[in-house]
Structure formats: C-alpha cells, structure tokens
Amino acid sequence: MTLTAPGSLQADSSAGGPVPPSPARGLVCRNCGATFGLIAEHACAECFGPLEVDYDPELMRAVTREQIEAGPQNIWRYAALLPVGQDPADRVTLDPGMTPLVRADRLAAELGLTGGLWVKDDSANPTHSFKDRVVSLAATAAKRLGYAKIAAASTGNLANSVAAHAARVGLPSFVFIPSDLEPGKVVQSAIYGQTLVAVDGSYDDVNRLTSELAETDEFEDTAFVNQNVRPYYAEGSKTMGYEIAEQLGWRIPAQVVIPMASGSLLTKVDKAFRELTAAGIVEATEWTIFGAQSAGCDPIATAFDNGWDVVKPVKPTGIAKSLNIGNPADGPYALDAIRRTGGAVGRVDDARIVQGIRDLARTTGVFAETAGGVTTAVLRQLVEDGRLDPAKETVILNTGEGLKTLDPLEPVVGPTHQVAPSLSSVRGAGLIG
C-alpha cells in the first residue's frame, strides 16, 4: 500500500478547489537514512530502525503564517506541513487542536518563575487528550492507504481516541488495553460501541500481542495506528508544537517540560520547532527540552542519568498508567533531543504526582490526569534543583483530562465541610460568624 505521490496539485476537493500538495516525499530511517516511498511500514528494511516522514524543504518553506492563520481552528490549519489531510474530503478526524495555552501566573509565583509560565492544555480535545491529534493523522493515512479497519494497543487515551474516530465515520476498530486500566478510560473506550479487548498484562505485553496480530490474515486489512502506520501517526504530535509557537505570537518558548511514555511526543514537539525555524515561519532561536517521567516507569530518566544511549526496559508500576511504557520506542531519540538542547529529565513518585495534579488545579483551574501531575511535579523539581532557569519563558504540557484518573485523588480530596441544612450548622462549622 502506498500513498499518492506528493509534490503537485491533486484533483479538486469536494469543497470545490484545487487540493494543495502534500510536502511529504517519502519515509526515511532514523538510524541509517535509507529512504522509502509513502508506504504502510514503520521499520526499515535495511537495519530495522524506525521510519519517519521525510519532507520536501522547498514545499515547507513555501508555507506562510498568513496561510496557516487563514485555516480552520484545528490541526488542519497546518495541513501544508503534514503528510496527509490536504483534501478535507480525505480526513478521518474529530478536528482536534487549537487547545488553550493557559497563562499560569499563580503557579509561576509559587515556584519562583519570573520569565512567564504557560500550560498547553490538551484535555480540551474531543476525547480529552492529545491522542486525538495523532489518531486523526493515522486514521486519515489509513484511509488513503486503503485499510478497512483501524486498531491500536493503548494505555487508555489512545483507546478512547481510536474508538471515537471509528464511531464518527462508521469504521470498525479493535482496541487492546491492559486489563488493569483506570475505569474512566475503560468506560470512555467502551461507550463508542467498538471492539475493546482487555489483556491480562502490561502495555508492553499488549503491544507485543498486537504486533503479532498485525501479521495475521484476519488483520491484513487493519491499520494499527501506532504500528504499521506509525510514521504518519507520530506526525500528529507536531501540531502541539506548532500551536504553542503560534499562540505565543509566532515564537518558540525558551523551555518546555513534556511528559514521556514512548518519548514520541517530546521528539515531535522538538521537530515542530525545528521545522518552523527551517521554514522561516519563526525566527531562529534556542530552546531547551525537559522530559518528565514517573518514578514507577522511568527508563528514559535512568538512561539520561547514567549517560546511556540505549534505554533499558523496566517493568512499570505506579499511578501514572498513561506513561507506563517500560520499553519506550522513541527513548533514544528523546534522549538525543534533550541532550542536544541542553535539557534534563526529572522523575517523581506517586505522592508527588498527586500533589502535582492538585497544585495545577489549585493555581490554574486546569484538572490534569496523572501524566499532567507528573509534568507539574517535575517542573517543581527542576526549579528546586536548579536545572530549569526560572527567568526564562516556560511551557508545560498537560496531555489529558483529570476526570479519567480519579482513583488516586479520591482518598485525598473531597468536601472541606459537612453540615446540616441549617444556619446553625453552617455557623457551627465556622463558615459564618
């Protein structure tokens, strides 16, 4: 299966105008540099390294701020910088994106940050996580490649998004999740009426199973969004970086703190900044990338601390289940981005994750899931140990909605008072004089 060749205007879209060209010119191996067509493949045939989309730099440089700003209020405003979706009629999408960039002045003051602090809040996406960005790209690519079904291995948020995308267009989907996933994420995946399979094992076990299923005859017509169409899927995360720069007035923040599971989101935000700079859409500047992990699943943090280029797998534990990928596929590339930009990696335990969720909600009104608690707590840690410059503008990423991960909070938050329906009871509780 191969996508339409890029580089020239295609037939008119259903909207009644010429479809701009895709800037994608093929896939390239991130290890050995071997090139391939725009095919449904995620591993290099030469060295088995991961493939990513390669772009025509001239087509990327032809994109202007004005062109982007004239686009829709979702990720497709950046279609001229993406591998698929130039024709609106081709898109399989919930139209995610353009989520709030929230100024976090109270949290900044509490932490002693003077350069400005922002929260990119992707809980505002249709299924309440950043995964809507990647699934819209993957599902659109799957359609162009001729697949009849979509599937995924997921720690929760991806499951929600795949099922919702499939329901929107009437496409069968198969989602495989660890059986101990948070109830909120299980319900949100099941509600769309698609096939949901709970697997007794970790995410890494689930991922191995789906890799085997993808090779069977029964799933030959199925796009596994984070496997056989992964190069296109991963490009959806770039739109988060594009939006941050646009929402800051077309500038790149000096520092970004990003949660890491596979490490892909971090690498793609960094790639977005590099692409915007190379295309002349933003002025060239320097930025620093920081990674955030849970102490219960910290293979990238461990590799960073030890100066390793190879990430050694771990068995995940802890409450930040959306980050519990013990064998992160993009770990080495996340390390490269962090080291190249002069960044660092922090890790925090479950207690500090819960406190991070509470701190973010209390100071900004943003209710994050456990991954956002990791990011907020690591931000505090990086400031306290002097690895993050408090005088530089900083953006932290909240990748999901707190209502999905209520379990760790239920023992520690609740009503501050309980009263009878009378003034005397309210007075006795000290609420009135």
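Numbers here are sequence positions counted from 1.
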side-chain contact (heavy atoms from CB on, under 4.5 Å) between Ile357 and Thr376, intermediate numbers included | CA-CA 7 Å; Ile357 296 171; Thr376 305; over 6 Å; no
Crowded around Ile191 CD1? As in, over 12 foreign heavy atoms under 6.0 Å?
-> no
Heavy atoms from other residues, nucleotides or ligands near CD of Glu69 exceed 12 (cutoff 6.0 Å) = yes
Looking only at heavy atoms, which two atoms of [X] and [Y] are closest? And how far apart?
{"X": "Leu382", "Y": "Ala344", "result": "CD2-CB, 4.5 Å"}
{"X": "Thr114", "Y": "Ala391", "result": "OG1-CA, 3.5 Å"}
{"X": "Pro83", "Y": "Tyr55", "result": "CD-OH, 3.1 Å"}
{"X": "Glu212", "Y": "Thr216", "result": "O-CG2, 3.5 Å"}
{"X": "Pro332", "Y": "Ala329", "result": "CD-O, 4.0 Å"}
{"X": "Lys404", "Y": "Ser129", "result": "NZ-CB, 4.0 Å"}

Are any of the side-chain heavy atoms of [X] and [Y] separated by less than 4.5 Å?
{"X": "Leu158", "Y": "Val225", "answer": "yes"}
{"X": "Val84", "Y": "Asp90", "answer": "no"}
{"X": "Phe130", "Y": "Asn157", "answer": "no"}
{"X": "Arg274", "Y": "Lys271", "answer": "yes"}
{"X": "Ser262", "Y": "Arg230", "answer": "yes"}
{"X": "Thr405", "Y": "Ile319", "answer": "no"}
{"X": "Phe219", "Y": "Asn228", "answer": "no"}
{"X": "Pro408", "Y": "Thr370", "answer": "yes"}

Any chance you could measure [X], atom [atom1], to [Y], atom [atom2], to the nearest 0.5 Å?
{"X": "Arg340", "Y": "Tyr333", "atom1": "CZ", "atom2": "OH", "value": "14.0 Å"}
{"X": "Tyr192", "Y": "Thr127", "atom1": "OH", "atom2": "OG1", "value": "6.0 Å"}
{"X": "Met240", "Y": "Thr399", "atom1": "CE", "atom2": "OG1", "value": "6.5 Å"}
{"X": "Thr140", "Y": "Leu145", "atom1": "OG1", "atom2": "CG", "value": "11.0 Å"}
{"X": "Asn74", "Y": "Asp132", "atom1": "CG", "atom2": "CG", "value": "11.5 Å"}
{"X": "Leu397", "Y": "Leu265", "atom1": "CG", "atom2": "CG", "value": "6.0 Å"}

Out of Val378, Asp298, Leu266, Thr267, which one pairs with Met260 under the side-chain contact (heavy atoms from CB on, under 4.5 Å) rule?
-> Leu266
Any side-chain donor-acceptor pair under 3.5 Å between [X] and [Y]?
{"X": "Asn207", "Y": "Gln227", "result": "yes"}
{"X": "Asp121", "Y": "Thr99", "result": "no"}
{"X": "Tyr233", "Y": "Lys131", "result": "yes"}

Between [Y] and [X], is the closest basic N to carboxylate O distance under 4.0 Å?
{"X": "Glu52", "Y": "Lys268", "value": "yes"}
{"X": "Asp95", "Y": "Arg168", "value": "no"}
{"X": "Arg144", "Y": "Asp87", "value": "no"}
{"X": "Arg208", "Y": "Asp204", "value": "no"}

Measure from NZ or CZ of Arg387 to the centre of the six-membered ring of Phe290, then state whether that distance is under 6.0 Å and the direction lies within 45° of the axis.
->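 Verdict for Phe290: no cation-pi partner in Arg387.
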Salt bridge (charged side-chain N to carboxylate O under 4.0 Å, His left out) contacts in which one or both residues fall within residues 237-261, not counting sequence neighbours =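 For residues 237-261: Arg77-Glu246, Lys120-Glu243, Arg133-Glu243, Glu235-Lys238, Lys238-Glu275, Arg251-Glu393.
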Please confirm whether the backbone N or O of [Y] pairs with a side-chain atom of [X], one donor and one acceptor, at under 3.5 Å?
{"X": "Thr375", "Y": "Ala371", "result": "yes"}
{"X": "Gln255", "Y": "Asp389", "result": "yes"}
{"X": "Ser264", "Y": "Ala234", "result": "no"}
{"X": "Gln194", "Y": "Ser189", "result": "no"}
{"X": "Asp205", "Y": "Ser202", "result": "yes"}
{"X": "Asn327", "Y": "Val314", "result": "no"}
{"X": "Thr317", "Y": "Lys315", "result": "no"}
{"X": "Gln293", "Y": "Ala301", "result": "yes"}
{"X": "Glu182", "Y": "Gly184", "result": "no"}

Assess whether side-chain contact (heavy atoms from CB on, under 4.5 Å) is satisfied between Leu388 and Leu113, documenting all intermediate values.
-> CA-CA 10 Å; Leu388 184 142; Leu113 295 171; 3.8 Å; yes
State which residues pass side-chain contact (heavy atoms from CB on, under 4.5 Å) with Ala151; sequence neighbours excluded, sorted by chain then number.
-> Phe174, Thr222, Phe224
Evaluation steps, side-chain contact (heavy atoms from CB on, under 4.5 Å), between Leu27 and Ile39 | CA-CA 8 Å; Leu27 303 181; Ile39 57 176; 4.0 Å; yes
Could you walk me through whether Asn160 and His128 pass the side-chain contact (heavy atoms from CB on, under 4.5 Å) test, one step at a time?
-> CA-CA 9 Å; Asn160 300 164; His128 310 292; over 6 Å; no
